[in-house]
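Within every chain, numbering begins at 1; the chains are lettered A, B, ... in the order of the sequence lines, protein sequences first and strands thereafter.
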Protein chains: 2
Amino acid sequence: MTIRDVAQAAGVHVSTVSRAFSASHLVKRETRERVLAIAADLGYRPNETARALTTGRTRNLGLIVSDIANPFYPPLIKAAQAYARVRGYQVFVADTDEDVAVEEELIRTLARQVDGVILVSPRLANDVIGRLGGELPFVLVNRSVAGLSAVLMDVAHGAALAVEHLAGLGHEHLALVGGPRGSWTSAQMRRAAGRAAADQGVRLDVLAPNPPTEHGGIVAAPAVLETGATGVIAYNDLVAIGLIEGFDDRGVRIPRDLSVIGVDDTVAGRLNRPRLTTVAMPTAAAGRTAVDLLIQTVETSGGGPATAQTVLATSLVVRDSTATPAHPAG
Amino acid sequence: MTIRDVAQAAGVHVSTVSRAFSASHLVKRETRERVLAIAADLGYRPNETARALTTGRTRNLGLIVSDIANPFYPPLIKAAQAYARVRGYQVFVADTDEDVAVEEELIRTLARQVDGVILVSPRLANDVIGRLGGELPFVLVNRSVAGLSAVLMDVAHGAALAVEHLAGLGHEHLALVGGPRGSWTSAQMRRAAGRAAADQGVRLDVLAPNPPTEHGGIVAAPAVLETGATGVIAYNDLVAIGLIEGFDDRGVRIPRDLSVIGVDDTVAGRLNRPRLTTVAMPTAAAGRTAVDLLIQTVETSGGGPATAQTVLATSLVVRDSTATPAHPAG
DNA sequence: TTGAAAGCGCTAACAT
DNA sequence: ATGTTAGCGCTTTCAA
């Protein structure tokens, strides 16, 4: 079922059918309606692949994340994909498994088959991202690179809130369990938490890098204990949950002996016992916003690469993993 | 950077370049190596869109699930996508939001841009799936339709294990909280649980349909209580977690007052307190197997639609949400 | 407002 | 073993 069949059935030229679908104002109203009706009858749908070849636009988007199974991502993927569909785009989802080489290769592979790519929490170096960004429209999420559009979540503010919460509870010695090398979020947290700790007059020890996983948290637990901190801020909920497990193995109870704060506000943190105090990240909104920004970039080919940065607010969700320190540290 | 540039640079015809990439045995070894080297130098990559137009093969796969945010899916999506990439395929991921109309529309939209589609836990009627399956290669997961390839998880066995576990603990009155209308898994569970209950000589009440979500569980809790059952098997972990919340709101404690079993073995169930006893589903294996089956179907254009059904084993993971009944029911 | 024709980048007969 | 040529299904000038 091609455009030719429809043209023949409607008694018009293929170019008229083409216009009926893609430039409806260029064809007489009744012709268009007749063509469309016949097309619907025949079950004709324009072949997107052929369209892509002539127009250079695929109406496909790429969404590259580091780990689909990390509960931080599913809500973002879901929202991005749903919103893209509403806008007439399909999305390729790909997972780098936290591997920088895979990340770059994925981008190159996808490059030709998509109109643009959303990179969530990329681990690639700034210059590499910048260079690739010159070849293909990008929207970054959780990463800021000069000249590229980005959707940022205000994790700096979130980290500050976390420090203030802990300090307000009476904790005088905190530890920050950072994320993987190359993580912009981790760097932001570190800076903001450091500043907030200074403001509050509390001590802050930083432990990094760590894998952004539950296992990463379990492994980091002993080192955290060694610092003597009574309040801990983890890179994300998964790490926080891992830390709590690690502490538990050593007889350290949360929040009795230690307070722990996660980041992301995933289901995992909500289900965990004790329920996790965490910095809420607006992941679904980030997914939608990223798609919106990307489509805008792609469809505004005329105006040059209009880059935009959107910052989404974060907040602190206080639950059961934080409390007043039992043995005020010195 | 097109095939023509490479041809020119290498001093050969475009068809030779084409063959160097896609039918290497048809070109002299040294020519091929020279062409490939020059192509690499120039950063040339075959345009998949153009390829698709001539060959009719896109090297893209569609993966349609009902809810990306349901923790059952991410491991499956991750595995499917990773394995597809190894085999040289990219995957579109789409979410139906449990809406049958969206499901069908998604399939039609994707049809032209992919070589085949993996439908996970589809809610569409058998005849609709059968008809669509005639237009496009399908692999079903968690659903069996005559004439179509499928990857099944032996949830019937899992449900039987759950019933036996509960009966073995001394529960004499069970309830099964089923899933949504159209769910093959739910039907399988119902049948198998019914049979197992009869075998064990215990009573089984069935409550269905229910949304496959935490909220669905919360809402179903009172009805479960009314049955007087002391052991409950839920459609999935999410529903089980919701039930436990609902029970908790009514002062019913798990596993003291009631035993609850989930299905899927998601992180959610593992993190929940009490940690959930659950039927483990091999989701990652299912994702890989589905991709393997689909690619096999697609690449064996000659042999006709060789349909295959693979059944993956399930097992019972006993954790803390099940125990001996406190007040043996009559 | 519509038709004609060229061409997007590539593959696949068909020649040589 | 390599070159020639005709499309794949569509869009988009250019004419009429």
Please determine whether a side-chain nitrogen of the Lys or Arg among [X] and [Y] lies less than 4.0 Å from a carboxylate oxygen of the Asp or Glu.
X	Y	answer
E48(A)	R108(B)	no
E33(A)	R29(A)	yes
D95(B)	R85(A)	no

For a quick check of understanding: with a heavy-atom distance under 4.0 Å over all strands, which category does [X] fall into, base, sugar-phosphate or nothing?
X	value
F21(A)	nothing
T2(A)	sugar-phosphate
T49(A)	nothing
T55(A)	sugar-phosphate

Calculate the interatomic distance between [X] atom [atom1] and [N] atom [atom2]; express it in whole Å.
X	N	atom1	atom2	result
R112(B)	dC8(D)	CZ	C1'	12 Å
L26(B)	dT16(C)	CG	C1'	16 Å
L53(B)	dC8(D)	CG	C1'	4 Å
E48(B)	dG9(C)	CD	C1'	12 Å
R32(A)	dT1(C)	CZ	C1'	12 Å
R59(B)	dT11(C)	CZ	C1'	14 Å
Q8(A)	dC10(D)	CD	C1'	17 Å
R57(B)	dG9(C)	CZ	P	22 Å

Can you identify which nucleotide, out of [options], has its nearest atom closest to the [X] side chain?
X	options	answer
H13(A)	dA5(C), dC10(C), dC10(D)	dA5(C)
R4(B)	dG9(D), dT2(D), dC8(C)	dC8(C)
V27(B)	dT2(D), dG3(C), dG9(C)	dT2(D)
T54(B)	dG9(D), dT2(D), dT11(C)	dT11(C)
A50(B)	dG9(C), dC10(D), dT2(D)	dG9(C)

Distance-only donor-acceptor test, R19(B) side-chain atoms vs dG3(D) base atoms, 3.5 Å: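 For R19(B), whose side chain was compared with the base of dG3(D), there is a donor-acceptor pair (under 3.5 Å).
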So, is [X] close to the [N] phosphate, meaning a side-chain N or O under 4.0 Å from OP1 or OP2?
X	N	answer
T31(B)	dA1(D)	no
S18(B)	dG9(C)	no
S22(A)	dT11(D)	yes
S15(B)	dT2(D)	no
R51(A)	dC10(D)	no

Salt bridge (Lys or Arg N to Asp or Glu O under 4.0 Å) involving R32(B) - partner list, sequence neighbours excluded: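 With neighbours one apart ignored, the set is empty.
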S66(A)-E98(A) side chain donor-acceptor pair, cut-off 3.5 Å: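 On atom types as modelled, these side chains qualify, holding a pair under 3.5 Å.
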Within 6.0 angstrom of R57(A) CZ, more than 12 heavy atoms from elsewhere: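 Counting other residues, nucleotides and ligands, CZ of R57(A) exceeds 12 neighbours.
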